[in-house]
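One structure is given here, and the rest of the page talks about it.
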Number of protein chains: 2
Amino acid sequence: MKISEAAAQSGLSIDTIRFYERAGLLPRVERGQDGHRVFSPRDLRWLRMFERLRATHMPLKVIQTYVELSRNPDSNEERRAILEAHRLELDHQQAQINACRALLDEKIRHYDSLTTDHNGRMQKTIQRPNHPQTADHQ
Amino acid sequence: MKISEAAAQSGLSIDTIRFYERAGLLPRVERGQDGHRVFSPRDLRWLRMFERLRATHMPLKVIQTYVELSRNPDSNEERRAILEAHRLELDHQQAQINACRALLDEKIRHYDSLTTDHNGRMQKTIQRPNHPQTADHQ
DNA sequence: TAGAGGGGTGGAGTTACTCAAGGTCAAGTC
DNA sequence: GACTTGACCTTGAGTAACTCCACCCCTCTA
């Protein structure tokens, strides 16, 4: 499998895959006799995993640690711990999203209230009273 | 309000606040006669908003655009559109988190299955059979 | 008066990409 | 057979958003 396919199937960009290889996340990728990378199904499984972990902001260093650990079959505890820690991190991100969504909902409701009258019909806001609470609404 | 308080109350670091000011997100922060920044309640509201938007990865440029728009009272549509777009982005992040959580749950279950027998008791894994499916589990 | 604590500036360092320049090679076209 | 095209290669520079550091100023307390 060549790099363009690996990119398409993993959701990563070609540049990112090359970058990950240089960073040592994906050790010893095979090369064809033309010098092109040849990705194995196992490489692809790693890439897909990287994509999910990075999409949720696990640092590359941690991923690297995980990859190195997985060369040692006695490292199940440590690898499990890394994943479990990241699961907690996901909870945290979840909370951030919820908080931000609350903010957005509130602001958007506010903007709606400026252009819609109370029967739900749109209203051209030609005159705008200088109401201090709304005049400088962020 | 001085910068340390603004940091404590906004959840941003002192360095980040200074960086945002330099970037033009927080224009004309007042200064005391000692040259120290003096943050108004309005500044703090902005900082809190920045914190939430950044925690969910809205680019600084977009935030900057929003801030600039909010100096023009006729920009409600545009500002609303920015927030709405980010609300969609939150859905996307939500999906990423869910996908990653599924991955983590599966992997962690796998690790559990390696150290726990089927009655739920822990088992010291002294001998490890060379099972190809599990031996190279990522 | 010495030192600690909090603020200021400018600039370098970090993370994780992302892009551009220039080079090789195989396949298809004239 | 020359040529173009397209996919790949490497190297190195650029970017976003911080983060850290060195060094300076001021004020307050021991």
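Each chain gets a letter, A, B and so on, in the order the sequences are listed, and its residues count up from 1.
- Near DNA chain D, meaning a heavy atom under 4.0 Å from it, residues 17-30 of chain B has B/Phe19, B/Tyr20 in order of number.
- Here the closest heavy-atom approach between residue B/Val38 and residue B/Val29 is recorded as O-CG1, 3.6 Å.
- When all heavy atoms are compared, the tightest approach of A/Ile14 to A/Ser4 is CD1-CA, 4.0 Å.
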Q. Do B/Arg31 and B/Glu21 pass the salt bridge (Lys or Arg N to Asp or Glu O under 4.0 Å) test, and can you show the C-alpha distance, the side-chain angles, and the key distance before you say yes or no?
A. CA-CA 13 Å; B/Arg31 298 287 180 133; B/Glu21 194 203 358; 3.8 Å; yes
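- Heavy-atom distances to DNA chain C give each of A/His36 and A/Lys61 a nearest nucleotide, and the one nearer the 5′ end belongs to A/Lys61.
- Counting heavy atoms of neighbouring residues, nucleotides and ligands inside a 6.0 Å radius, atom CZ of B/Arg28 does not exceed 12 of them.
- Between A/Leu44 and A/Phe39 there is no side-chain heavy-atom pair separated by less than 4.5 Å.
- Partners of A/His57 according to the ring-ring contact (aromatic ring centres under 6.0 Å, His included) rule, which considers only residues two or more places apart in sequence or in another chain, are B/His57.
- Considering only heavy atoms from C-beta on, B/Phe50 comes within 4.5 Å of B/Val67 through its side chain.
- Checking B/Pro59 against A/Gly35, the closest nucleotide of DNA chain D that is more toward the 5' end is the one next to A/Gly35.
- Among the protein residues, A/Asp34 comes within range of no part of the nucleic acid, since none of its heavy atoms lies under 4.0 Å from any strand.
- Side-chain contact, A/Arg101 with A/Asn98: no donor N or O sits under 3.5 Å from an acceptor N or O.
- At distances below 3.5 Å, not a single donor-acceptor pair connects side-chain atoms of B/Arg87 with backbone N or O atoms of A/Asp105.
- Scanning DNA chain C 5' to 3' for nucleotides with an atom closer than 4.0 angstrom to a non-hydrogen atom of chain B gives a first and last hit of C/dG7 to C/dT9.
- Note that CE of A/Met49 is 11.5 Å distant from CZ of A/Arg45, once rounded to the nearest 0.5 Å.
- Shown for residues 82-104 of chain B: no residue has heavy atoms falling under 4.0 angstrom of DNA chain C.
- Between the side chain of B/Ser75 and the backbone N or O of B/Glu78 there is no donor-acceptor pair closer than 3.5 Å.
- Residues B/Lys107 and A/Arg79 are not in side-chain contact: their nearest non-hydrogen atoms beyond the backbone lie 4.5 Å or more apart.
- Pairing each heavy atom of A/Ile82 with each of A/Val62, the nearest pair is CG2-CG1, 3.7 Å.
- Heavy-atom minimum distance, B/Cys100 versus A/Thr56: SG-OG1, 3.3 Å.
- For DNA chain D, the span of nucleotides reached by chain A at under 4.0 Å from its heavy atoms goes, 5' to 3', from D/dC8 to D/dT11.
- Taking 4.5 Å as the limit, some side-chain heavy atom of A/Tyr20 sits within range of a side-chain heavy atom of A/Leu12.
- Each end of the helix from C/dT1-D/dA30 to C/dC30-D/dG1 yields a helix axis from five base pairs, and these two axes differ in direction by 10° (to the nearest 10 degrees).
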